[in-house]
Amino acid sequence: MSDDTLDLRVDDLLALLAGDRPLTATESGTVTEPGAVHGPGTVTEPGTVHGPGTGTGPTSAADGRLGGDPLDSVASWAPAATRFGDFRLVPVRPARDLPLLTRWMNDPAVAAFWELAGPDTVTADHVRAQLEGDGRSVPCLGVLDSTPMSYFEIYRADLDPLARAYPALPHDTGVHLLLGGVADRGRGVGTALLRAVADLVLDHRPRCTRVVAEPDIRNTPSVAAFLGAGFRYAAEIDLPDKRAALMIRDRSLRHVL
């Protein structure tokens, strides 16, 4: 990656990482260190699709971009090999997965960012909003060597309010992530899974040219993790609850970064 790819602010941020602080994947699409603050900041209404920091409203009937499956059948995507084992995305089934997701959301390290701590109805409402939506956001378990260990939301960034904050392209696809188990935090798992999921999106969504994410600009370990996963730092953008680093993984650069 050339120096002019990154904003000077990133150079300053990465300089802060010299202390070799552990990385912890705890919030949507980012890898954070304990004590960092980043979370949803919005409430999801039934029938809408929502990811931390954004909220998706109804789609116009004239919007032809939602023809067919907006995310090209996430349930059918093949597994991906990582250095930690074989990884795959499995769409959430509340009857099966709600207890596990609720436990993760009540982990203080996760709750600080996702703001979904509480009884299982809180998590159920968040997931239901996506499952009962139009398919533009798919909640998934991340399964590593047959063990559910993370939660992902794969969503159409070009159809999300996030698109108001940057020059979105058709079929831009966004990623939110949390790691459920403490044992999976701080050892590079989050970075490996970010790369794997971005590759899955690009492999299975031929119309998508970019995978995007929006970690808090203050979350320097998160920015570093995305850079390690092949994303580039594109801009700073203002979202309702934070100033974010727009991270982009380009199809054209996927074998270079």
In terms of ring plane angle, is the pair Trp114 and His126 parallel, tilted or perpendicular, where the classes change at 30° and 60°? perpendicular
Rounded to the nearest 0.5 Å, what separation is found between the [atom1] atom of [X] and the [atom2] atom of [Y]?
{"X": "Leu257", "Y": "Leu227", "atom1": "CG", "atom2": "CG", "answer": "9.0 Å"}
{"X": "His204", "Y": "Leu89", "atom1": "NE2", "atom2": "CG", "answer": "10.0 Å"}
{"X": "Trp77", "Y": "Leu200", "atom1": "CH2", "atom2": "CG", "answer": "6.5 Å"}
{"X": "Asp199", "Y": "Leu194", "atom1": "CG", "atom2": "CG", "answer": "11.0 Å"}
{"X": "Asp172", "Y": "Tyr155", "atom1": "CG", "atom2": "OH", "answer": "9.5 Å"}
{"X": "Arg205", "Y": "Ile154", "atom1": "CZ", "atom2": "CD1", "answer": "10.5 Å"}

Holding to ring pair (Phe, Tyr, Trp, His ring centres under 6.0 Å), I want the full list of residues that pass it with Phe87, two or more places apart in sequence or in another chain.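 So Phe87 forms a ring pair (Phe, Tyr, Trp, His ring centres under 6.0 Å) with Phe152.
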Does this structure show an ion pair linking Arg254 with Asp203, if we count only N-O contacts that are shorter than 4.0 Å? yes
Does the distance from a Lys or Arg side-chain N to an Asp or Glu carboxylate O, for Asp250 and Arg210, drop under 4.0 Å? no
Compare every heavy atom of Gly118 with every heavy atom of Thr102, then report the nearest pair and how far apart it is. CG2-O, 3.9 Å
Show which side-chain atoms of residues 139-150 pair as donor or acceptor with protein atoms under 3.5 Å away, not counting sequence neighbours.
| from | atom 1 | to | atom 2 | distance (Å) |
| --- | --- | --- | --- | --- |
| Asp145 | OD1 | Asp86 | N | 2.9 |
| Ser150 | OG | Gly142 | O | 3.4 |

Give a yes or no answer on whether the side chain of [X] reaches the backbone of [Y] with a donor-acceptor pair at less than 3.5 Å.
{"X": "Lys242", "Y": "Glu214", "value": "yes"}
{"X": "Arg187", "Y": "Ala183", "value": "yes"}
{"X": "Arg195", "Y": "Phe231", "value": "no"}
{"X": "Thr173", "Y": "His171", "value": "yes"}
{"X": "Asp120", "Y": "Leu98", "value": "no"}

Around atom CZ of Arg251, are there more than 12 heavy atoms from other residues, nucleotides or ligands closer than 6.0 Å? yes
Take Tyr151 and Met105, measure what side-chain contact (heavy atoms from CB on, under 4.5 Å) needs, and give me the verdict at the end. CA-CA 10 Å; Tyr151 173 69; Met105 293 299 182; 4.1 Å; yes
May I ask you to test the [X]-[Y] pair for a side-chain heavy-atom distance under 4.5 Å?
{"X": "Val212", "Y": "Met247", "answer": "no"}
{"X": "Val201", "Y": "Leu71", "answer": "no"}
{"X": "Leu116", "Y": "Trp104", "answer": "no"}

Can Asp158 and Leu169 be said to form a side-chain contact (heavy atoms from CB on, under 4.5 Å), step by step? CA-CA 6 Å; Asp158 61 325; Leu169 296 178; over 6 Å; no
Going by salt bridge (charged side-chain N to carboxylate O under 4.0 Å, His left out), name the pairs with one or both residues in residues 90-108, residues two or more places apart or in two chains. Asp107-Arg185
Have Glu153 and Ser137 got a donor and an acceptor in their side chains that come within less than 3.5 Å? no
